[in-house]
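Predicted model, so just to flag it, every value in this text is computed and none were measured.
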Amino acid sequence: MVNRKEIREALLLRRTSLTRESELARVETIELDQTRVGRLSRAEAMQDHQMSLEMARRRQAMLEAIDQTLIRIDQDPDYGLCEDCGESIAPARLALDPTQPCCVNCAGKREQR
């Protein structure tokens with residue numbers, strides 16, 4: 001049986017943590033003076049910038065998944081059941097990642113597509 005209250009609390013904590021990380025990442029962004037840095041340093045700075053953008057994209061995607069899961073927990077009586085086959089999602093899977101919409105078998109099938 002899925003303990004919705006515990007999962008909800010864990011998701012809210014994770015959302016708070018991700019929001020703080022996003023705020024800190026915005027503060028730590030440094031503009032590179034292209035005229036004062038060598039070619040290798042610019043390349044490294046551009047790579048760092050791309051990595052920062054990707055991390056921000058992943059944080060945003062996780063925040064969206066958390067928000068969608070919170071809605072499902074509150075409104076969907078079938079939360080905890082696989083969206084594809086309707087079977088129960090393993091409690092250990094939901095404990096690890098409560099945003100997962102399907103069981104391991106169906107997740108594998110989705111990845112193969």
**OP:** State plainly whether the residues Asp74 and Arg8 are in salt-bridge range, i.e. N to O under 4.0 Å.
**Re:** yes
Closest non-hydrogen contact found for Tyr79 with Arg72 is CE1-NH2, 3.4 Å
Closest non-hydrogen atoms of Leu63 and Ser22, given as atom of the first, atom of the second and distance, are CD1-OG, 4.4 Å
Tell me, with the steps shown, if Asp67 and Leu11 meet side chain to side chain contact (heavy atoms under 4.5 Å, CB included). CA-CA 9 Å; Asp67 288 341; Leu11 286 170; over 6 Å; no
Closest heavy-atom pair, Cys82 versus Ile89, reported as atoms and distance to 0.1 Å, is N-CG1, 3.7 Å
Sorted by chain and number, sequence neighbours left out, salt bridge (charged side-chain N to carboxylate O under 4.0 Å, His left out) with Arg14 holds for none
Report all side-chain donor-acceptor pairs from residues 105-113 shorter than 3.5 Å, counting only partners two or more places apart or in another chain.
from: Arg110; atom 1: NE; to: Asp84; atom 2: OD2; distance (Å): 2.9
from: Arg110; atom 1: NH2; to: Asp84; atom 2: OD1; distance (Å): 2.8

Rounding to 0.5 Å, atoms CD1 (Ile7) and CG (Leu12) come to a distance of 12.0 Å
Side-chain heavy atoms of Arg57 within contact of Met62, under 4.5 Å:
no
Practice task
Take Gln60 and Glu64, measure what side-chain hydrogen bond (donor to acceptor under 3.5 Å, both in side chains) needs, and give me the verdict at the end.
Solution key: CA-CA 6 Å; Gln60 185 59 39; Glu64 290 171 11; 3.3 Å; yes
Rounded to the nearest 0.5 Å, the CG atom of Asn3 sits from the CG atom of Leu94 at a distance of 11.5 Å
Value for CG (Leu24) from OG1 (Thr19), rounded to nearest 0.5 Å, stands at 11.0 Å
Item to complete: Report yes if the side chains of Glu21 and Leu18 come closer than 4.5 Å at any heavy-atom pair, otherwise no.
Response: yes
Those residues at least two apart in sequence (or on a different chain) that pass salt bridge (charged side-chain N to carboxylate O under 4.0 Å, His left out) with Glu6 are none
Q: Would you check if Cys103 and Cys85 make a side-chain contact, meaning some heavy-atom pair closer than 4.5 Å?
A: yes
Checklist entry - Salt bridge between Arg20 and Glu23, side-chain N to carboxylate O under 4.0 Å? => result no
Asp76 vs Ile71 side-chain heavy atoms within contact, under 4.5 Å: no
The reported gap from CD in Gln47 to CE in Met51 (rounded to nearest 0.5 angstrom) is 6.0 Å
What one should report as the nearest heavy-atom pair of Ser88 and Leu81 is OG-CD2, 3.6 Å
**OP:** Check for a donor-acceptor pair, side chain of Ser52 on one end and backbone N or O of Asp48 on the other, with a separation under 3.5 Å.
**Re:** yes
